[in-house]
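Here's the structure we're looking at; comments come further down.
Counting convention: from 1, in listed order, for ligands and their atoms alike. Only this structure's heavy atoms are used, side chains among them; waters, hydrogens and symmetry mates stay out.
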Amino acid sequence: MTYDPGHITGAMVAARIERRWTAISIGIIALLIVMAAYAGIHQAVMPQPRVETADPRTLHIAGEFIESNLGSAVEPDGSVTVRAVGQQYSFTPQCIVVPADTPITIRATSADVVHGFLIEHSNVNTMLVPGYISTIATRFATPSERVMPCHEFCGAGHEGMWGRIKVIDKATFMKLAADRRRMTCVAQ
Ligand code: CUA
């Protein structure tokens with residue numbers, strides 16, 4: 001067979017189509033990398049900086065997640081740390097209260113199975129895995145009330161597992177927090 005430069009063979013057509021699809025799949029990968037970088041840098045959605053553990057069998061007996069230590073606490077630097085536990089089928093505290101325009105660190109874990117932890121209209125979207133502490137940093141610009149659904153299937157009562165978060169005025173929060181060690185909506 002002689003080589004004819006003007007003659008398009010089936011193999012050439014196949015090679016051209018393969019190059020096109022290779023370019024498209026590289027484009028999709030590049031787009032996903034840009035999206036992940038945007039979410040990480042702009043929306044502050046980061047992987048855990050380190051692994052911290054908490055034994056789900058002894059959460060209620062001792063340590064950071066004992067019931068009296070759950071809720072919102074003001075740190076010496078003026079930021080607020082929220083500690084919470086998820087269990088079938090509720091969160092403790094069921095209603096979280098935080099100040100507006102303040103750096104918030106949420107530390108939460110699960111007492112039984114994997115639960116979801118999401119606060120609507122925020123960067124808070126993580127999972128509560130038994131044995132591990134999930135940490136997420138956030139900030140709420142203005143006072144508002146938001147829902148906090150468990151968004152990970154965790155059993156028969158999953159769809160009824162909802163919490164709430166109340167973002168209140170910073171001065172009001174600090175005044176209320178002055179004579180309480182831990183804050184929840186109930187204790188307001
Ligand atoms: Cu907890 Cu779904």
Side-chain angles (χ1 to χ4, degrees), residues 32 35-36 38-40 42-75 79-100 102-168 173 177 180-188:
L32 291 174
M35 281 166 66
Y38 177 82
H42 182 74
Q43 297 176 328
V45 179
M46 295 285 182
Q48 296 288 306
R50 61 182 184 275
V51 174
E52 288 181 277
T53 58
D55 188 341
R57 292 164 302 180
T58 55
L59 284 184
H60 59 294
I61 299 168
E64 183 179 349
F65 293 95
I66 196 162
E67 191 154 5
S68 59
N69 202 36
L70 301 178
S72 309
V74 182
E75 300 295 339
S79 71
V80 167
T81 302
V82 177
R83 290 185 181 83
V85 170
Q87 62 267 306
Q88 288 165 321
Y89 296 100
S90 64
F91 294 100
T92 310
Q94 190 59 26
C95 179
I96 288 169
V97 62
V98 291
T102 307
I104 312 280
T105 303
I106 297 167
R107 291 174 62 79
T109 188
S110 167
D112 40 45
V113 299
V114 175
H115 296 281
F117 190 91
L118 177 146
I119 298 172
E120 64 166 345
H121 309 310
S122 79
N123 66 321
V124 180
N125 180 351
T126 188
M127 289 201 295
L128 307 183
V129 181
Y132 297 91
I133 301 171
S134 299
T135 306
I136 192 156
T138 190
R139 192 185 193 104
F140 301 96
T142 50
S144 54
E145 214 174 317
R146 295 149 194 247
V147 292
M148 195 178 80
C150 171
H151 63 305
E152 192 70 39
F153 182 77
C154 54
H158 160 70
E159 71 275 12
M161 187 171 170
W162 289 74
R164 279 186 310 132
I165 180 152
K166 248 177 157 166
V167 184
I168 64 170
F173 180 94
R180 276 185 201 95
R181 217 169 67 83
R182 297 289 177 263
M183 295 264 296
T184 64
C185 302
V186 184
Q188 249 184 69

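- In this structure, a donor-acceptor pair under 3.5 Å is present between the side chains of Gln87 and Thr92.
- Under the side chain to side chain donor-acceptor pair (under 3.5 Å) criterion, Thr81 pairs with Glu75, sequence neighbours left out.
- Protein atoms of type N/O/S that fall under 2.8 Å from atom 1 (Cu) of ligand 1 number 4 in this view.
- The one candidate from Thr53, Leu59, Val129 that meets the side chain to side chain contact (heavy atoms under 4.5 Å, CB included) condition with Thr109 is Leu59.
- The shortest non-hydrogen separation linking Leu128 to Ser110 is O-CB, 3.6 Å.
- With sequence neighbours left out, the side chain to side chain donor-acceptor pair (under 3.5 Å) criterion links Thr58 to no other residue.
- When the side chain to side chain donor-acceptor pair (under 3.5 Å) test is applied to Glu152, no partner is found at least two apart in sequence or on another chain.
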